[in-house]
Amino acid sequence: MNQLLYSKPSSLFKVETSLATSIGQIQLDRPVMLASGILGISLDVFNRLYRSGAGAVVTKSLSTEPWEGYPNPTIFGVKGGGWINAVGLSNPGAPNFAKMIEPNQDVPIVVSLVGSIPEDFEFMIKQFENCKVTAYELNLSCPHVAKVGLEVGDDPELVRKIVTTSKNSTDVPIIAKVGLGTTHYLNTVGTAIDSGIDAITAINTVRAMAIDVETQRPILSNKFGGLSGTPIKPIALRCVYEISSKYDIPIIGCGGVSTWEDAVEFFLAGASAIQLGSAVGDNWINVFGEINNGILEYMKRKNYSSIKEMVGLAKKS
Amino acid sequence: MQRNHNHTTIVTIEKVIDETPTVRTLVFSDDVMSNVLPGQFAMVWIPGVNELPMSVMITREPGKAAFTVRKHGPASTGLFNIKEGQQIGIRGPYGNSFDLKEGKLLLVGGGTGLVPMMRLLSFVKPTDDVTVLIGAKSKDEVFFEEFANSMLENNSHKVLVSTDDGSYGEKGFVTDLVEKLVNESHFDGVYVCGPEIMMYKTVQSAHSRNMFVQASLERMMKCGVGICGSCCVGEDLVCRDGTVFDGEHLSSNKEFGHFYRNKAGILEKY
Ligand SMILES: Cc1cc2nc3c(=O)[nH]c(=O)nc-3n(C[C@H](O)[C@H](O)[C@H](O)COP(=O)(O)OP(=O)(O)OC[C@H]3O[C@@H](n4cnc5c(N)ncnc54)[C@H](O)[C@@H]3O)c2cc1C
Ligand SMILES: Cc1cc2nc3c(=O)[nH]c(=O)nc-3n(C[C@H](O)[C@H](O)[C@H](O)COP(=O)(O)O)c2cc1C
Ligand code: FES
């Protein structure tokens with residue numbers, strides 16, 4: 001077969017380059033999303049992020065009731081780059097949050113949920129019945145709050161029940177966010193897929209800590225927190241590559257994306273979209289527009305008309 | 001290696017000055033903090049207690065900076081109780097700063113909101129005509145009056161105090177004094193920091209008369225760098241877009257002067 005003729009239609013006739021992407025049933029105009037827990041408590045801020053180029057925003061992980069989170073210090077800037085945080089999932093609670101986003105029409109909002117039992121998720125999803133929600137993301141991977149997050153992700157039976165209950169509570173697509181716990185995350189992904197999950201976000205922060213040598217104490221009030229930002233990118237990329245090699249499931253890459261090259265790396269590893277959080281702290285809100293532009297230019301240079309054409313290309317060898 | 005402003009740097013408190021029964025100034029050596037712009041703040045770690053946002057206070061000595069703290073809840077009380085020789089952690093400086101205008105200036109500070117005003121004073125030009133308004137609950141709680149006078153000894157200036165109970169200076173709210181002054185004459189720049197209602201009224205008084213006015217906002221802060229979202233006011237993130245905002249911008253913000261968010265992020269009325 002003539003490679004030139006068949007592999008690159010865009011070199012034969014002009015095709016509009018588009019940043020639009022689909023993650024299973026989820027359609028987005030742009031592939032760079034805001035990760036959960038970052039700037040996520042006000043609809044006005046969501047609007048601003050959307051205008052700045054975010055393809056969707058993921059809310060802070062919401063619980064059934066308001067949580068204050070841990071006392072400060074809750075965040076620590078690592079010398080070589082990256083952050084360790086133990087915000088402790090502070091959030092206004094799902095009922096309050098749902099009321100706040102009810103007026104939303106324009107912004108694709110992914111609602112992130114955290115809980116310990118299937119009924120928590122069922123209750124929370126019910127709160128959003130009158131809201132325009134693009135997808136739900138189940139946080140099965142927060143590494144620093146007891147009884148939720150990773151502790152749930154590490155328990156396959158619980159993952160199965162939570163995914164099944166959540167799927168039965170709504171027609172909106174459901175994403176599972178996995179991370180590195182004591183159970184191999186690939187098994188958690190497998191269980192979630194068996195239970196009907198629509199997509200996977202990989203990964204969450206990686207459990208870490210920081211100690212001050214002068215005062216000789218852990219800096220974070222919670223002692224342990226989650227490492228995010230550029231130091232975890234190679235780990236996150238590996239996970240996306242592994243998941244996409246083993247399973248046929250739409251993936252959102254998350255962890256350490258700060259440039260368009262990082263984003264493209266995740267597409268090539270098998271992700272259909274990416275999320276970023278820490279880069280907002282480093283480069284502020286302009287980071288979305290900058291990454292979108294970079295991806296667009298790369299696509300034009302390489303003659304791709306859609307994100308889809310790039311997904312998983314690094315596995316071709 | 002250049003200092004990473006997001007990494008905690010440990011400094012030793014060299015001097016503690018009692019300003020009022022509830023307010024203390026803690027002095028330490030640090031070149032970076034001694035040179036910050038007026039309005040910038042630091043995240044201050046009190047080991048074993050908490051971490052708080054604090055405006056950076058000036059001192060008269062090169063290479064030194066300070067925090068002026070009012071004891072309130074557990075975190076600020078922890079800082080208030082730090083003794084000479086003890087260590088705290090700082091990161092920053094964060095935030096933008098006041099735009100310096102020339103000519104006739106009005107600086108309004110309530111309580112520890114005076115801190116950024118004092119740093120602003122160290123930037124005024126000898127030709128500026130400066131009025132400083134200090135608002136306090138009572139005579140006991142007035143501080144920095146002499147300091148402000150001595151900072152301005154070479155300028156044409158006034159330092160006026162108002163107390164809510166009238167035990168010193170003018171009786172009433174400092175905002176009544178603001179209203180009176182902006183009615184009498186035009187100021188080229190009005191600057192304010194203090195309780196939000198006071199800032200709201202000051203911004204309204206000045207902005208409605210087309211005067212340039214800026215306020216340094218205060219919100220619940222966790223990260224200080226624009227990640228956690230806890231400090232949002234409408235679309236704005238105080239730690240990253242501010243803390244200093246123009247009257248023009250603030251007058252279109254629905255939350256300023258009306259709502260704040262509690263520690264769980266729930267919007268509450270002032
Ligand atoms: C930019 C900025 C500059 C400030 N400068 C000064 C200053 O120079 N002097 C001074 O005395 N105070 C200052 N404050 C207020 C100070 O940070 C504390 O909020 C205040 O002292 C109340 O502390 P607390 O002991 O009641 O806090 P606690 O109830 O013990 O809670 C402490 C925690 O809550 C957060 N928090 C609680 N209330 C507030 C609030 N109103 N604003 C921000 N965070 C809050 C803190 O981040 C901290 O982690 C400033 C605040 C900001 C945002
Ligand atoms: C301050 C902070 C808060 C976070 N809160 C949440 C959360 O509530 N739920 C969640 O699933 N992930 C949370 N995360 C993890 C991020 O969503 C993301 O998975 C991680 O930071 C890696 O991406 P990044 O390197 O682009 O930041 C948080 C991260 C940070 C830095
Ligand atoms: S304090 Fe975290 S975003 Fe401003």
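Quick note on labels: first sequence line is chain A, next is B, and so on, each numbered from 1.
The shortest side-chain heavy-atom distance between Glu51(B) and Thr74(A) does not fall under the 4.5 Å cut-off. The side-chain heavy atoms of Ser42(A) and Arg261(B), taken from C-beta on, include a pair separated by under 4.5 Å. Arg51(A) has its side chain within reach of Glu235(B): a pair of non-hydrogen atoms, C-beta onward, lies under 4.5 Å apart. When side chains are defined from C-beta on, Asn72(A) counts as touching Lys222(B), because their heavy atoms get closer than 4.5 Å. Residues Leu267(B) and Lys99(A) fail the side-chain proximity criterion, which asks for heavy atoms closer than 4.5 Å. Under the 4.5 Å side-chain criterion, counting only non-hydrogen atoms from C-beta, Ile227(B) is not in contact with Leu39(A). Annotation: side chain of Ile75(A) is not in contact with side chain of Met43(B) (no heavy-atom distance under 4.5 Å). The shortest distance between side-chain heavy atoms of Ser221(A) and Asn50(B) does not fall below 4.5 Å.
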> What do the steps show when you test Glu68(A) against Asn262(B) for side chain to side chain contact (heavy atoms under 4.5 Å, CB included), and what is the final call?
Replying inline: CA-CA 8 Å; Glu68(A) 280 196 1; Asn262(B) 68 15; over 6 Å; no

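Of all heavy-atom pairs between Ile266(B) and Pro92(A), the closest is CG1-CB, 3.5 Å. A pairwise comparison of heavy atoms in Arg240(B) and Asp282(A) identifies NH2-O, 3.7 Å as the closest pair. Minimum interatomic distance between Pro47(B) and Thr215(A) (heavy atoms only, all atoms of both residues): CG-CG2, 3.9 Å.
Checked against Asp212(A) for a side-chain contact (heavy atoms from CB on, under 4.5 Å), the options Thr9(B), Thr8(B), Ile10(B) give a single hit: Ile10(B).
For a residue to count as touching a neighbouring chain, one of its non-hydrogen atoms must lie under 4.5 Å from one of that chain's; by this rule Cys232(B) touches chain A with the side chain only. Both the backbone and the side chain of Leu237(B) have a heavy atom closer than 4.5 Å to some heavy atom of chain A. Interface residue Asp236(B): backbone and side-chain heavy atoms are both found under 4.5 Å from chain A. Looking at Trp67(A), the atoms closer than 4.5 Å to chain B (heavy atoms on both sides) all sit in the backbone: N, CA, C or O. Within the 4.5 angstrom heavy-atom criterion, only backbone atoms of Met221(B) (N, CA, C, O) approach chain A. In this structure, chain B has no heavy atom under 4.5 Å from any part of Asn85(A). In this structure, the portions of Ile219(A) lying under 4.5 Å from any heavy atom of chain B include both its backbone and its side chain.
Within a 6.0 Å sphere centred on NZ of Lys137(B), heavy atoms belonging to other residues, nucleotides or ligands number 12 at most. In His72(B), the NE2 atom is not crowded: 12 or fewer heavy atoms of neighbouring residues, nucleotides or ligands sit closer than 6.0 Å. Dense packing is recorded around CD of Gln86(B), with more than 12 heavy atoms of other residues, nucleotides or ligands lying under 6.0 Å away.
The candidate from Ala75(B), Cys239(B), Gly229(B) with the greatest count of non-hydrogen atom pairs under 4.5 Å with chain A is Gly229(B). In terms of non-hydrogen atom pairs under 4.5 Å with chain B, the most contact-rich of Val45(A), Ile41(A), Leu49(A) is Ile41(A). Taking Val213(A), Asn96(A), Asn91(A) one by one and counting their heavy-atom pairs under 4.5 Å with chain B, the maximum is reached by Asn91(A).
The line from CG of Asp44(A) to CG of Asn253(B) is 8.0 Å long, rounded to the nearest 0.5 Å. Expressed to the nearest 0.5 Å, how far CD of Glu214(A) lies from CD1 of Ile88(B) amounts to 13.0 Å.
Judged by distance alone, the side chains of Asn6(B) and Trp83(A) never bring a donor and an acceptor atom under 3.5 Å apart.
Checked by atom type and distance alone, the side chain of Lys263(B) never pairs as donor or acceptor with a backbone atom of Tyr70(A) at under 3.5 Å. When atom types are taken as modelled, the side chain of His7(B) and the backbone of Val78(A) share no donor-acceptor pair closer than 3.5 angstrom.
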